[in-house]
Amino acid sequence: MAPKKAKRRAAAEGGSSNVFSMFDQTQIQEFKEAFTVIDQNRDGIIDKEDLRDTFAAMGRLNVKNEELDAMIKEASGPINFTVFLTMFGEKLKGADPEDVIIGAFKILDPEGKGTVKKQFLEELLTTQCDRFTPEEIKNMWHAFPPDVAGNVDYKNICYVITHGEDKEGE
C-alpha cells in the first residue's frame with residue numbers, strides 16, 4: 001500500500017516520483033530545509049519576493065529584477081518543493097561521478113599524495129579553459145583552505161562537488 005500512497009503524493013505535488021529516488025533521505029531533508037529557508041513567506045511556493053528576501057538576509061540588498069526573473073524562469077511553473085527538488089536533480093544530472101573527478105585531479109598528483117599545491121591549482125584555474133575570476137578563487141580558498149604547507153585536499157573538493165557537503169562536517 002505504501003508505494004501507491006507515495007506515487008499519489010508525488011503526483012499531487014506536481015512532479016514525477018522519480019525525482020525523490022535521485023536523492024537519499026538525508027539529502028531530501030537538506031533540500032527541504034533549504035527550501036524552507038528560501039520560502040520566506042512560508043506559502044509553500046518560492047517566488048521572486050522570496051528570492052529577494054533571501055538575498056537580503058544574506059547581505060545582498062540590490063539584486064536586479066532581471067536576475068530574479070531569470071531564476072524564476074528556470075522553473076516550468078510555480079516552484080513548490082517537488083519542482084525545487086527536480087531543478088536540483090536536473091542541475092546535478094550532468095555532474096561527473098566522484099571517481100571521474102578524482103581521476104582528473106590525480107593527473108595533477110603524480111606522486112599520489114591526495115593533494116595538489118595551491119599555487120599550481122590556482123594558476124591552472126585562472127589561466128586555462130573556463131577561467132576563474134579572482135572572486136571565484138577567493139571563494140574556493142575560503143571553502144577549501146589549503147594546509148600550512150600550501151597543499152589542497154582534492155579528494156575533499158571532489159566529495160563536495162558530488163555530495164554537496166564537506167566530509168569533515170558530517
Side-chain angles (χ1 to χ4, degrees), residues 9-98 100-101 104-105 118-119 121-146 152-154 156-170:
R9 186 177 68 208
E13 289 176 353
S16 65
S17 60
N18 72 353
V19 71
F20 289 93
S21 66
M22 289 180 66
F23 304 105
D24 63 37
Q25 274 310 118
T26 304
Q27 291 171 311
I28 290 173
Q29 184 57 39
E30 289 169 355
F31 281 121
K32 186 66 173 170
E33 289 169 17
F35 180 86
T36 302
V37 168
I38 298 168
D39 183 18
Q40 295 276 309
N41 63 9
R42 305 290 184 256
D43 66 353
I45 302 289
I46 293 175
D47 59 22
K48 188 172 166 177
E49 290 310 310
D50 290 325
L51 292 177
R52 185 181 310 283
D53 292 345
T54 300
F55 276 116
M58 296 182 341
R60 190 165 165 215
L61 303 175
N62 297 320
V63 182
K64 294 182 175 145
N65 279 327
E66 298 80 30
E67 189 176 354
L68 297 172
D69 288 336
M71 290 179 190
I72 294 296
K73 286 179 184 168
E74 285 188 42
S76 57
I79 305 172
N80 63 17
F81 179 64
T82 303
V83 171
F84 181 78
L85 196 59
T86 302
M87 290 171 73
F88 273 95
E90 289 170 358
K91 293 281 186 197
L92 295 173
K93 198 183 297 176
D96 289 319
E98 187 174 5
V100 171
I101 298 170
F105 271 103
K118 173 191 179 220
Q119 188 174 358
L121 187 57
E122 187 170 316
E123 184 180 327
L124 286 174
L125 293 173
T126 57
T127 63
Q128 305 297 314
C129 299
D130 292 331
R131 296 179 179 140
F132 275 42
T133 65
E135 181 71 17
E136 289 170 325
I137 290 291
K138 179 182 159 199
N139 290 340
M140 188 170 101
W141 297 143
H142 179 74
F144 306 105
V152 179
D153 175 2
Y154 64 80
N156 187 42
I157 294 172
C158 294
Y159 184 88
V160 172
I161 289 170
T162 57
H163 294 85
E165 62 187 61
D166 195 335
K167 271 195 235 184
E168 295 167 9
E170 283 186 7

- Is a side-chain donor or acceptor of R131 paired with a backbone partner of T127 at a separation under 3.5 angstrom? yes
Restricting to side chain to side chain donor-acceptor pair (under 3.5 Å), what partner residues turn up for [X], sequence neighbours left out?
X    : value
D69  : K48
Q27  : none
E122 : W141
R42  : none

Under the side chain to side chain contact (heavy atoms under 4.5 Å, CB included) test, residues paired with [X] that sit two or more places apart:
X    : result
T133 : E135, E136
N41  : D39, D43, D47, D50
A57  : none
L125 : L121, F132, I137, M140

- Task: Output, in order, the C-alpha distance, side-chain angles, deciding distance and verdict of side chain to side chain contact (heavy atoms under 4.5 Å, CB included) for T82 and L85.
- Result: CA-CA 5 Å; T82 303; L85 196 59; 5.7 Å; no
- Neighbour count above 12 (heavy atom, 6.0 Å) for E33 CD: yes
Measure the spacing between [atom1] of [X] and [atom2] of [Y] and express it to the nearest 0.5 Å.
X   : Y   : atom1 : atom2 : value
I46 : T54 : CD1   : OG1   : 7.5 Å
Q29 : T26 : CD    : OG1   : 8.5 Å
R52 : K64 : CZ    : NZ    : 12.5 Å

- Message: With ring pair (Phe, Tyr, Trp, His ring centres under 6.0 Å) as the rule and sequence neighbours excluded, what pairs involving residues 33-60 come up?
- Response: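 Ring pair (Phe, Tyr, Trp, His ring centres under 6.0 Å) check on residues 33-60 returns F35-F81, F35-F84.
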- Message: With side chain to side chain contact (heavy atoms under 4.5 Å, CB included) as the criterion, how do V63 and L51 come out once you've worked through the C-alpha distance, each side chain's angles and the decisive distance to 0.1 Å?
- Response: CA-CA 9 Å; V63 182; L51 292 177; over 6 Å; no
- Would you name the heavy atoms of V83 and A75 that are closest together and state the gap between them?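 For V83 and A75, the tightest heavy-atom pair comes out as CG1-CB, 4.0 Å.
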- Message: Among residues at least two apart in sequence or on other chains, which ones pass salt bridge (charged side-chain N to carboxylate O under 4.0 Å, His left out) with E74?
- Response: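 Counting only residues at least two positions away or on another chain, E74 forms a salt bridge (charged side-chain N to carboxylate O under 4.0 Å, His left out) with K91.
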